[in-house]
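Read through the structure below, which is laid out as structure tokens, and then see the notes.
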Protein chains: 2
Amino acid sequence: MDTIAKLLKGKGQRLTSQKKEVIQVLQKKPLTVLQILTLVKSKKGMIDKVTVYRILTSFVKLGIVKEINLGAREVRYELTNCEHHHHLVCESCGQIEDIQLCEDALLKEVQQQSQFKVKEHSLEFFGTCKKCQ
Amino acid sequence: MDTIAKLLKGKGQRLTSQKKEVIQVLQKKPLTVLQILTLVKSKKGMIDKVTVYRILTSFVKLGIVKEINLGAREVRYELTNCEHHHHLVCESCGQIEDIQLCEDALLKEVQQQSQFKVKEHSLEFFGTCKKCQ
DNA sequence: GTTCATGCAAATACTTTGCAGACTA
DNA sequence: TAGTCTGCAAAGTATTTGCATGAAC
């Protein structure tokens with residue numbers, strides 16, 4: 001939280017209670033806009049949908065948060081303060097597990113096949129989690 | 001196209017001129033709803049946005065087409081009649097290249113680390129294509 | 001002819017913009 | 001106090017639904 005406070009300050013931006021709450025609820029797992037809204041409301045009582053959108057847009061720009069795509073039209077937001085990782089999305093219960101993989105070989109394969117210069121990649125898995133099997 | 005015709009017939013569904021056109025424009029590359037709409041309109045003159053949505057929903061259900069997520073809130077549709085592959089998305093010109101990779105090692109890695117049962121996965125790369133570098 | 005599909009209108013959902021008042025620093 | 005941020009209202013997009021007409025088989 002401290003690093004985030006400094007980052008905001010450096011950009012002339014303020015660490016409001018709404019921003020704190022959004023960061024708070026994102027600690028556990030990636031959430032959709034609606035989920036963030038609901039969670040913050042249930043804890044703090046008041047936050048507007050528009051404010052959530054604005055905070056997220058600003059956080060993405062500052063690199064505090066990143067957007068992930070899990071399934072069509074399901075955008076989620078995730079704190080970037082953790083290492084690079086991927087997700088295992090359970091199609092039955094909706095749970096999201098994180099996983100760390102070594103994808104160097106794949107990136108090399110891309111380089112060999114194509115002259116495309118890769119900056120980022122997304123890799124997500126869909127299936128059933130241990131519990132739901 | 002013939003296999004699609006049979007598939008539709010088997011489900012009591014009809015191969016209309018609109019459906020043919022949608023399949024037609026999807027032959028080249030994955031497109032958004034708006035792109036499909038524009039392309040079909042420019043060729044054939046008339047199709048409604050609602051019809052495009054309905055055709056796509058139905059095609060996804062039948063497995064004729066699949067949704068791919070290239071960046072947040074950018075859903076595209078792609079024919080499934082081709083082999084499993086991934087995409088290289090140029091962030092500069094928007095072009096999409098296909099690429100085939102061997103991701104067996106990764107899938108094995110997932111199995112070793114977790115008891116999650118993977119059914120599908122998505123893997124997309126973002127960066128700059130040869131032309132734009 | 002029957003039944004499914006399309007187009008239009010309108011409803012719903014999602015996201016962005018404008019502005020006055022509230023709050024952070 | 002200055003300047004950013006929030007909440008509310010409303011505008012803009014994107015997507016879905018209902019229904020009468022049209023088209024496929």
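Note that the coordinates shown come from a computational prediction; the quantities given were computed from them, not determined experimentally. Protein chains get the first letters and strands the later ones, always in sequence-line order, with residue 1 at the start of each. Just so it is clear, the values below take in all heavy atoms, side chains as well, and ignore hydrogens, waters and symmetry mates.
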With the criterion being N/O to N/O and under 3.5 Å, what pairs connect the protein with nucleotides 22-24 of chain D, and how long is each?
residue, atom, partner, partner atom, Å
dA24(D), N3, R14(B), NH1, 3.2

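- For Q18(A) and dT6(D), the shortest distance from a side-chain N or O to OP1 or OP2 is below 4.0 Å.
- Side-chain contact between V52(B) and V40(B): absent, with no pair of heavy atoms (C-beta onward) separated by less than 4.5 Å.
- For the pair R73(B) and V75(A), the minimum side-chain heavy-atom distance is below 4.5 Å.
- In this structure, the side chain of S42(B) engages the main chain of L39(B) through a donor-acceptor pair within 3.5 Å.
- Annotation: the terminal axes of the helix from dG1(C)-dC25(D) to dA25(C)-dT1(D) meet at 40°, where each axis is the rotation carrying the C1' atoms of four end pairs onto the next four (5 pairs per end, rounded to 10°).
- For K43(B), the NZ atom is densely surrounded, since the number of other residues' heavy atoms within 6.0 Å is greater than 12.
- Between H121(B) and E103(B), the closest side-chain pair of non-hydrogen atoms falls below 4.5 Å.
- With rounding to whole Å, K11(A) atom NZ is found 13 Å from dC5(D) atom P.
- Atom pair M46(A):CE and dT6(D):P shows a separation of 12 Å (rounding to whole Å applied).
- Rounding to whole angstrom units, NZ of residue K41(A) and P of dT6(D) are separated by 15 Å.
- Within a 6.0 Å sphere centred on CD of Q113(A), other residues, nucleotides and ligands contribute more than 12 heavy atoms.
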Practice prompt. Let me have a per-nucleotide readout for nucleotides 13-20 of chain C, 5' to 3', with B, S or -, counting only protein heavy atoms under 4.0 Å.
Written response: -SBBBBB-
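- Rounded to whole Å, the distance from CD1 on I36(B) to P on dA14(D) is 14 Å.
- For K20(A) and dT6(D), the NZ to C1' distance is 15 Å, given to the nearest whole Å.
- Looking at heavy atoms from C-beta onward, V22(B) lies in side-chain contact with L26(B) at the 4.5 angstrom threshold.
- In this structure, the NZ atom of K19(A) is 14 Å from the C1' atom of dA22(C), given to the nearest Å.
- Within the 4.5 Å cutoff, side-chain heavy atoms of Q13(B) are placed close to those of L62(B).
- Across the protein-nucleic acid pair, E21(B) atom CD and dA5(C) atom C1' stand 16 Å apart, rounded to whole Å.
- Between H86(A) and D98(A) there is no side-chain heavy-atom pair separated by less than 4.5 Å.
- The side-chain heavy atoms of S122(A) and F125(B), taken from C-beta on, include no pair separated by under 4.5 Å.
- Take the nearest nucleotide of DNA chain C for G12(B) and for T51(B): the residue whose nucleotide is more 5' is G12(B).
- For the pair L56(A) CG and dC5(D) C1', the computed distance is 15 Å after rounding to whole Å.
- Between E78(A) and R76(A), no side-chain nitrogen of the basic residue sits less than 4.0 Å from a carboxylate oxygen of the acidic one, so the salt-bridge criterion is not met.
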